[in-house]
Student: 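For reference, the structure I am asking about is given below.
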Number of protein chains: 2
Amino acid sequence: MQGYDKYAFEPFAVTVDLAVLTIRAGRLQVLLVERGQEPYAGRWALPGGFVLPDESAETAARRELAEETGLADVSGLHLEQLRTYSEPDRDPRMRVVSVAYTALLPDAPEPRGGGDAASARWLPYDGPGPLAFDHDRILADAHHRVGAKLEYSCLATAFCPPEFTLGELQRVYETVWGTELDRPNFRRKVLATSGFVEAVPGAARLTGGRGKPAALYRAGPATALHPPLLRPSREGRPS
Amino acid sequence: MQGYDKYAFEPFAVTVDLAVLTIRAGRLQVLLVERGQEPYAGRWALPGGFVLPDESAETAARRELAEETGLADVSGLHLEQLRTYSEPDRDPRMRVVSVAYTALLPDAPEPRGGGDAASARWLPYDGPGPLAFDHDRILADAHHRVGAKLEYSCLATAFCPPEFTLGELQRVYETVWGTELDRPNFRRKVLATSGFVEAVPGAARLTGGRGKPAALYRAGPATALHPPLLRPSREGRPS
DNA sequence: CTCTTTATAGTCCTACTGACTATTAAGGAG
DNA sequence: CTCCTTAATAGTCAGTAGGACTATAAAGAG
């Protein structure tokens, strides 16, 4: 790798794939597009596209995210590189190396198909059978990563609107992990972690609630949880 | 991303870069090659090279690892994808997207330059000034990742020979984290984590030791640490 | 007004861990 | 051989985090 001219190399197409996750109707949902052409015509796929000549993968991912969600301002959303998939046969048409990103959205409006792709839609994480290409694996990796990061980072607030209740925050953990948490213990842990959330000055929330109105919180300045908030029981958090 | 023919895309060169870490002489050391040509002639760089047409990035990384270290059997070494670096200007000659990997080695023989590259050498992690390209950042990311994974995974044994003492294992933590740990507490924690290490049937080690001979252990079947072994004090473990 | 629902407050009790002290078993210096 | 140093191993003790659980408060539904 000292002088490129001395070495032959094959040029690859480089794309980004997006695993965009949100919580709607109490379920973990994914943004998917339906493929209209072969291969995998009719299958659901993760949104994505080519990295343009003057873009970094990160820039391309954020551009695609804006196009596929139709959101005007996508700058505040959590976007994080997941990993790169480069198996030679992952796309039957040509050699494509794909840099996968995970994005987390709070409220999740139904996407208006304002981009180049066919209309993207929210679908339940466990819902639609096998995805196109290796997207099942990418999506599973994204879910695994997000579940793990909930334990030791403040990532959960990325699923919440700017102001949220501790009940909503707890539902994020429960939905992603697929477990139930003890409410008093969850409150105690979150409030004891300085910088995780901070109370909104003078507010409570009543409108839609069926029970006692809950206090509102905002995401705090912290990014890491010390000590972590471990998921209950079951052993094994590989990789 | 439904039909590639409809979209223009630029072909990129795809490479792998390796952050190969080991512990030698009580210090964290990195495998580096000296660049002979511009750009960055004379600077140290991470070993790496092009992904070949029929290779995945993972395969290419393992091939480069074997070439650069000169080790005959590289199959047992810990190799893990770090992340992908794709800034358009990261290589002044052309557009290169690089998939970075982190590898951990136990004993660390001085590499015999048996590959295509100029002789690779072990250098202290904090040693050689600025590296070529964006390799300083890649190396820092690798160090950060390894430090974080020591907390919640059994990765530390990847730095150790097949049979090791708990003192050696502790030195891995101390060297990577740059902190000192309490020895009795470390022992208690490691031995209490089932599957982390297991005692070698009937053996102790005396030869080189200045003190009481230590018992030998092997890596156990576990991959994750529950609960984690957190580094002392200082807050903040970002990303 | 009562029941249901959700938020919030507080109490045990156990396990984990940080900070120690003590003991054992080598090698080295005299 | 004896003392000293070094490192491994054993054990103690207290503070704390967290799991399980009970109790109270404040809304809406009927």
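Naming convention: chains lettered A, B, ... in sequence-line order (proteins, then strands); numbering from 1 in each chain. Nothing here was measured: the structure is a model prediction, and the numbers come from that model.
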Student: Can you tell me the distance, in whole Å, between the CD atom of Glu180(B) and the C1' atom of dG18(C)?
Tutor: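 To the nearest whole Å, that distance equals 15 Å.
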Student: Using heavy-atom distances to pick each residue's nearest nucleotide on DNA chain D, tell me which of Gly167(B) and Asp182(B) is more 5'.
Tutor: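 Whichever sits nearer the 5' end wins; that is Gly167(B).
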Student: Just how far, in rounded Å, is P of dA7(D) from CD of Glu168(B)?
Tutor: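 After rounding, the reported distance stands at 13 Å.
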Student: Among the candidates dC21(D), dA19(C), dT9(D), find the nucleotide nearest to the side-chain atoms of Asn185(A).
Tutor: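 Output: dC21(D).
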Student: Taking atom types as modelled, is there a side-chain donor on Asp17(A) or Tyr85(A) under 3.5 Å from an acceptor on the other?
Tutor: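 There is no such pair (donor and acceptor under 3.5 Å, judged by atom type) between the side chains of Asp17(A) and Tyr85(A).
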Student: Whole Å only: how far is the CZ atom of Arg187(A) from the C1' atom of dA25(D)?
Tutor: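 Going from CZ in Arg187(A) over to C1' in dA25(D) covers 12 Å.
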Student: Let me know the distance between CG of Leu229(A) and C1' of dG19(D), rounded to the nearest Å.
Tutor: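 The answer, rounded to whole Å, is 12 Å.
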Student: Please report the distance, rounded to the nearest Å, between CG in Leu216(B) and P in dA26(C).
Tutor: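 That distance rounds to 14 Å.
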Student: Below 4.0 angstrom from OP1 or OP2 of dA17(D), is there any side-chain N or O of Lys189(A)?
Tutor: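 For Lys189(A), the contact criterion (side-chain N or O under 4.0 Å from OP1 or OP2 of dA17(D)) is not met.
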Student: Atom OH in Tyr152(A), atom OH in Tyr152(B): separation rounded to 0.5 Å?
Tutor: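 Those atoms lie 4.0 Å apart.
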Student: Roughly how many Å is it from CG in Leu230(A) to P in dA17(D), rounded to a whole number?
Tutor: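 Taking CG of Leu230(A) and P of dA17(D), I get 14 Å after rounding.
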Student: Once you round it to whole Å, what is the distance between C1' of dG10(C) and CG of Leu191(A)?
Tutor: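 Going from Leu191(A) (CG) to dG10(C) (C1'), I get 14 Å.
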Student: Say you draw a straight line from CG of Leu105(B) to CG of Leu65(B); how long is it, rounded to the nearest 0.5 Å?
Tutor: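 Going from the CG atom of Leu105(B) to the CG atom of Leu65(B) covers 6.5 Å.
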Student: As a test of understanding, state which of Glu58(A), Glu80(A), Arg83(A) forms a side chain to side chain contact (heavy atoms under 4.5 Å, CB included) with Tyr101(A).
Tutor: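 Answer to the side chain to side chain contact (heavy atoms under 4.5 Å, CB included) test with Tyr101(A) among Glu58(A), Glu80(A), Arg83(A): Glu58(A).
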Student: Taking only N and O in the side chain of Arg210(A), is any of them less than 4.0 Å away from OP1 or OP2 of dT6(C)?
Tutor: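 True: Arg210(A) side-chain N/O within range (under 4.0 Å) of dT6(C) OP1/OP2.
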Student: Over how many whole Å does the gap from Leu181(A) atom CG to dG19(D) atom P extend?
Tutor: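 After rounding, the reported distance stands at 9 Å.
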Student: Please state whether the phosphate of dT24(C), meaning OP1 or OP2, lies under 4.0 angstrom from any side-chain nitrogen or oxygen of Lys212(B).
Tutor: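 False: Lys212(B) side-chain N/O out of range (4.0 Å or more) of dT24(C) OP1/OP2.
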Student: Using the side chain to side chain contact (heavy atoms under 4.5 Å, CB included) rule, pick out the option among Leu28(A), Leu104(A), Leu82(A) that qualifies with Val146(A).
Tutor: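 The option that passes is Leu104(A).
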Student: What about Arg188(B): does its side chain form a donor-acceptor pair under 3.5 Å with the base of dG11(D)?
Tutor: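 Not at all, since no donor on one side and acceptor on the other fall under 3.5 Å apart.
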